[in-house]
Amino acid sequence: EYRKANPQADIQRIEAAIWCQTHERDFKYRHPEQQPHLFYVPDLEPIPVYSAEHAPWFALLEDAWGDICDEFLTAQRSATDEQSPYLGAGAARLGEDWAEIADSLNWGSFHLYKQGEPNPTLIEMFPRTLEVLEQVPMVLTPTGPSELLFSVLQGEQRIPPHFGVANTDMTVHLPIVFPGDAAIRVIDEVYEWQPGKAWAFDDAFSHESWNNSAQPRVNLLFEAWHPHLSEYEQQAVMATFQARLRWNAGRSLDHPGL
């Protein structure tokens with residue numbers, strides 16, 4: 001559909017993308033440690049961790065860090081009911097390692113947007129944060145950012161090794177509350193959070209995270225586009241995911257087409 005509406009667009013890389021769970025032929029990932037479990041663009045350069053050269057807008061986040069912290073701490077005090085488990089109960093099926101954070105505030109979140117769905121209560125509490133993020137190449141759905149949240153990992157908790165959904169975006173972290181002794185591993189490198197220092201990686205690579213301290217660790221977290229994707233390619237990726245969502249929504253027993 002996107003190709004028909006935009007015949008001039010150079011989106012061959014996106015048209016060659018693989019839906020990993022349903023692809024009919026054997027395929028190999030370009031990098032053995034980059035294995036997105038849903039959507040994979042083979043011709044897109046694998047970049048495990050992004051630098052400020054890839055994302056010069058890191059400076060915008062870092063300059064606004066104090067304001068973002070203030071807005072979060074205010075929301076944390078006055079909107080505690082808006083925090084919810086980051087993972088649903090179904091995550092427990094992934095194995096024993098996930099049991100402590102599945103359907104639990106051991107890994108909680110204050111989601112301003114979740115899969116594009118807005119939380120009006122929280123959105124009103126973060127005007128400065130949202131003003132800054134308007135200048136960032138976030139992954140956007142028709143209703144807003146794909147994901148925008150404050151991730152709260154409690155003390156003595158660990159997020160087990162896993163792979164993300166797709167290799168078309170970067171996951172951006174801005175540490176807000178850092179208790180020390182908290183870090184993330186990407187492939188075989190460990191990175192310790194630094195308060196006020198923006199950091200981003202491709203979560204399609206093998207990664208895990210932990211907080212060995214006794215206090216919560218809080219990071220602002222959102223998705224931004226892979227810097228080597230053109231605007232046309234970004235739009236094509238989003239159109240592809242929106243088409244998939246529509247298809248999934250129609251897969252009900254009472255759907256007239258079934």
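Atom CD of Glu53 has 12 or fewer heavy atoms from other residues, nucleotides or ligands within 6.0 Å. Heavy-atom neighbours of Gln135 CD from other residues, nucleotides or ligands within 6.0 Å: above the threshold of 12.
Side-chain contact between Ile18 and Pro42: present, with at least one pair of heavy atoms (C-beta onward) separated by less than 4.5 Å. Between Pro161 and Arg185, some side-chain heavy-atom pair lies under the 4.5 Å cut-off.
If you take OH on Tyr86 and CZ on Phe150, they are separated by 14.5 Å, rounding to the nearest 0.5 Å. A distance of 6.0 Å separates CG in Leu133 from CG in Leu220, rounded to the nearest 0.5 Å.
By the ring pair (Phe, Tyr, Trp, His ring centres under 6.0 Å) test, Phe163 pairs with no residue at all, sequence neighbours left out. Residues passing the side-chain contact (heavy atoms from CB on, under 4.5 Å) test with Glu96: none are found, sequence neighbours excluded. Partners of Pro145 according to the side-chain contact (heavy atoms from CB on, under 4.5 Å) rule, which considers only residues two or more places apart in sequence or in another chain, are Tyr113, Met138, Leu140, Leu148. With sequence neighbours excluded, the residues forming a side-chain contact (heavy atoms from CB on, under 4.5 Å) with Ser84 are Ser109, listed by chain and number. Taking the side-chain contact (heavy atoms from CB on, under 4.5 Å) definition, one finds that Ala9 meets it with Tyr2, Asn6, Ile11, Tyr232, sequence neighbours left out.
Judged by distance alone, the side chain of Ser151 and the main-chain N or O of Asn219 form no donor-acceptor pair under 3.5 Å. In this structure a side-chain-to-backbone donor-acceptor pair under 3.5 Å is missing from Gln34 to Pro48.
Residue pairs that meet the salt bridge (Lys or Arg N to Asp or Glu O under 4.0 Å) test with at least one member in residues 116-136, sequence neighbours left out, are Asp67-Arg128, Arg128-Glu131.
Exactly one of Tyr191, Phe58, Phe178 qualifies for a ring-ring contact (aromatic ring centres under 6.0 Å, His included) with Trp199. That residue is Tyr191.
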